Protein chains: 2
Amino acid sequence: MTASRTARERVRAELTKEITDIARRQLATEGAGGLSLRAVAREMGMVSSAIYRYFPSRDDLLTALIIDGYNALGAAVERADEDSPPGDFAGRWLAVCHAVREWALAHPHEYTLLYGSPVPGYQAPEETIAARVRDVAVFGRILAQAYEAGALAPPDLAPPAPATLSADAANLRQIMPGVPDDLIFRGLTAWTGLYGWVSFEVFGQFENTIQDKRGSFEQSVRTLGALLGLKPA
Amino acid sequence: MTASRTARERVRAELTKEITDIARRQLATEGAGGLSLRAVAREMGMVSSAIYRYFPSRDDLLTALIIDGYNALGAAVERADEDSPPGDFAGRWLAVCHAVREWALAHPHEYTLLYGSPVPGYQAPEETIAARVRDVAVFGRILAQAYEAGALAPPDLAPPAPATLSADAANLRQIMPGVPDDLIFRGLTAWTGLYGWVSFEVFGQFENTIQDKRGSFEQSVRTLGALLGLKPA
DNA sequence: AAAAAACGAGAGCACTGCTCTTGACGATTG
DNA sequence: CAATCGTCAAGAGCAGTGCTCTCGTTTTTT
């Protein structure tokens, strides 16, 4: 109904998209700190103050980019999961891990915006929180479905999760319904391990240390999968 | 010999230290991006251009802070390791993990400088690389000593490290001498898992998700320790 | 057709990193 | 001892930033 109301609204939507597109390109070359409203305006042939009609502040532009980023990453992860055989839980975990890594390497600055150090002075608003759960929801779904299918054979490891953590486990169970406490925390460990690796690689921490980054990543992520009891098909 | 040469050199060393101290304080309140040479100068009662006599550019000041940070973190980790019974390898691993987390939480912006997303436009010079190995050397030492002492009982997990990774393993063995390939990559996984967790917590990724952060961290890090075969004493 | 809202342009404020010049001080050498 | 030479703080200035305010113009709404 509001698809094409007034001409003004249409051109406004177009300009808004053009701004975010240019901003995303600038983000890719300069990084988050180098994102300049004036440069965006210059590239659009506008005067800098005009941008503020569309984004009240630089932070609002950042927020738009962050939400887009979460959605892009989430979509990539969802696609990887859907392209895998639903019953091959280990394969789904692996595919999804590679999807995260490859998206991050293809869009390093956007990944940095999502999972890197917070931009100084920027406070993530509520709106970003909704979009952020999209990728982690996929992980939770895989784990929950694998557990429900009885496809998990988690190895015996020394310390099971203590009862003091049951409140947090209950909270995390929203994402992995039906999964017992100990496995929930193994899932959390695997999840942080995955993003810890990807962040290290994107941030250049592995430079001059690891040659076969993809191979090492797969080895690490397979190990984390084994921790969850995911048996390779 | 150069301990107290001319008066000029002494006052120069003092002023240099004062600059880095103020910069570190500013870093703590504003973050890396908000580090302003002019603000430092203002706080010292100097004019901004005078700072450039001591640090040719903002990046050089950053480099000094980074090196100090690596050393501070490295020292904290070393202390935690030395305060543990040498034969209690699981305890040493746990102590060292907590040391990393606590130092990071006490100095979030410094930690961000070391392990966060790279500062845009800043290229870490060679000098920082030497200092960075200090903390990871401690992890390697614990693992190598535990292996040599025969104190490791790593659980059987599905995929051992493939031969294609042996070159990287050989490289990493410099830090963990004598450790077999598969265990080296488990160590790498545990290491990235540890820093992945700490980064998530420092960067606020666990907000509204986990209450008992310390407890969850310990659970995660114990699990990673079990992955290495570290048996609790 | 008149009132209201949205818009682009421009000037301006306070701030940044950094450069260049100027004048003063202190250490080193003739 | 005195002259010189290097080091230093200060200040002005450049190009850039985010952001605000005002001023006509254009478009939408009433």
Side-chain angles (χ1 to χ4, degrees), chain A residues 1-20 22-23 26-27 29-66 113 118-123 125, chain B residues 1-20 22-23 26-27 29-66 113 118-123 125:
Chain A
M1 146 179 305
T2 51
S4 68
R5 267 198 73 176
T6 73
R8 203 161 224 164
E9 280 183 4
R10 262 180 299 141
V11 70
R12 183 183 176 85
E14 258 177 42
L15 283 185
T16 304
K17 174 165 166 38
E18 192 177 340
I19 291 175
T20 56
I22 294 181
Q26 251 187 44
L27 186 73
T29 63
E30 306 289 333
L35 203 167
S36 153
L37 285 188
R38 293 179 111 110
V40 172
R42 217 176 297 130
E43 195 167 332
M44 292 185 62
M46 278 170 104
V47 93
S48 71
S49 58
I51 300 280
Y52 288 84
R53 299 266 179 213
Y54 300 86
F55 292 94
S57 81
R58 186 175 172 272
D59 284 5
D60 291 276
L61 179 54
L62 264 184
T63 297
L65 292 178
I66 288 178
L113 216 52
V119 179
Y122 174 79
Q123 184 73 358
Chain B
M1 154 179 295
T2 51
S4 69
R5 263 197 79 177
T6 73
R8 206 162 221 161
E9 281 182 4
R10 260 181 299 142
V11 70
R12 182 183 178 86
E14 258 177 42
L15 282 184
T16 304
K17 173 165 167 37
E18 192 177 340
I19 290 175
T20 56
I22 293 181
Q26 248 187 45
L27 187 73
T29 63
E30 306 290 333
L35 203 167
S36 153
L37 286 187
R38 293 179 111 110
V40 171
R42 215 175 300 130
E43 193 166 334
M44 292 184 64
M46 276 169 105
V47 92
S48 70
S49 57
I51 301 279
Y52 289 83
R53 299 258 174 217
Y54 299 87
F55 292 94
S57 81
R58 185 174 173 274
D59 283 7
D60 292 276
L61 179 53
L62 263 185
T63 298
L65 292 178
I66 289 177
L113 216 52
V119 179
Y122 173 79
Q123 183 73 359

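Both backbone and side-chain heavy atoms feed into the values below; hydrogens, waters and symmetry mates do not. So you know, we letter chains A, B, ... as the sequences are listed, proteins then strands, and number each from 1. All values derive from a computational prediction rather than experimental measurement.
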Partners passing side chain to side chain donor-acceptor pair (under 3.5 Å) against Tyr122(A) (at least two apart in sequence or in another chain): Thr63(A)
Contact under 4.0 Å: Ser57(A) side-chain N or O vs dG18(D) OP1/OP2: no
Closest non-hydrogen atom pair between Thr20(B) and Ala64(B), with its separation: CG2-CB, 4.4 Å
Presence of Arg12(B) side-chain N/O under 4.0 Å of dG26(C) phosphate oxygens OP1/OP2: no
Protein-nucleotide distance (Gln26(B), atom CD; dC15(C), atom P), rounded to Å: 13 Å
Sugar-phosphate, base or nothing in reach of Leu61(A), heavy atoms under 4.0 Å: nothing
Integer-rounded Å distance: dC8(D) P and Met44(B) CE: 13 Å
Of all pairs that satisfy salt bridge (charged side-chain N to carboxylate O under 4.0 Å, His left out), the ones with a partner from residues 45-66 of chain A, not counting sequence neighbours: none
Which nucleotide in dT17(D), dC8(D), dC19(D) has an atom nearest any side-chain atom of Arg58(A): dC19(D)
Sugar-phosphate, base or nothing in reach of Leu15(B), heavy atoms under 4.0 Å: sugar-phosphate
Per-nucleotide protein contact string for nucleotides 25-30 of chain D, where B marks a base within reach and S marks sugar-phosphate only (heavy atoms under 4.0 Å, - for neither): -BBSS-
Contacts of type side chain to side chain contact (heavy atoms under 4.5 Å, CB included), residue Tyr52(B), not counting sequence neighbours: Leu37(B)
Distance in angstrom units between Leu37(B) CG and dC15(C) P, rounded: 16 Å
Per-nucleotide protein contact string for nucleotides 10-15 of chain D, where B marks a base within reach and S marks sugar-phosphate only (heavy atoms under 4.0 Å, - for neither): BB-B--
Touch class at under 4.0 angstrom, heavy-atom based, for Phe55(B) against every strand present: nothing
Listed once per pair and sorted, the salt bridge (charged side-chain N to carboxylate O under 4.0 Å, His left out) pairs that draw on residues 29-41 of chain A, sequence neighbours left out: none
Euclidean distance, Lys17(A) NZ relative to Ile22(A) CD1, rounded to 0.5 Å: 10.5 Å
Considering all heavy atoms, the nearest Ala23(A)-Leu65(A) contact: CB-CD1, 4.1 Å
Length of the OH-C1' vector between Tyr54(B) and dC18(C), whole Å: 18 Å
Sugar-phosphate, base or nothing in reach of Ile51(B), heavy atoms under 4.0 Å: nothing
d(CD, Glu30(A); P, dG18(D)) in whole Å: 12 Å
Proximal nucleotide (of dG8(C), dC7(C), dG17(C)) relative to the Tyr52(B) side chain: dG17(C)
Name of the residue among Leu113(A), Leu61(A), Val119(A) meeting side chain to side chain contact (heavy atoms under 4.5 Å, CB included) with Leu35(A): Leu61(A)
Euclidean distance, atom CZ of residue Arg42(A) to atom C1' of dG18(D) [Å, nearest integer]: 13 Å
Over all atoms of both residues, closest heavy-atom pair of Gln26(B) and Ser36(B): OE1-N, 3.3 Å
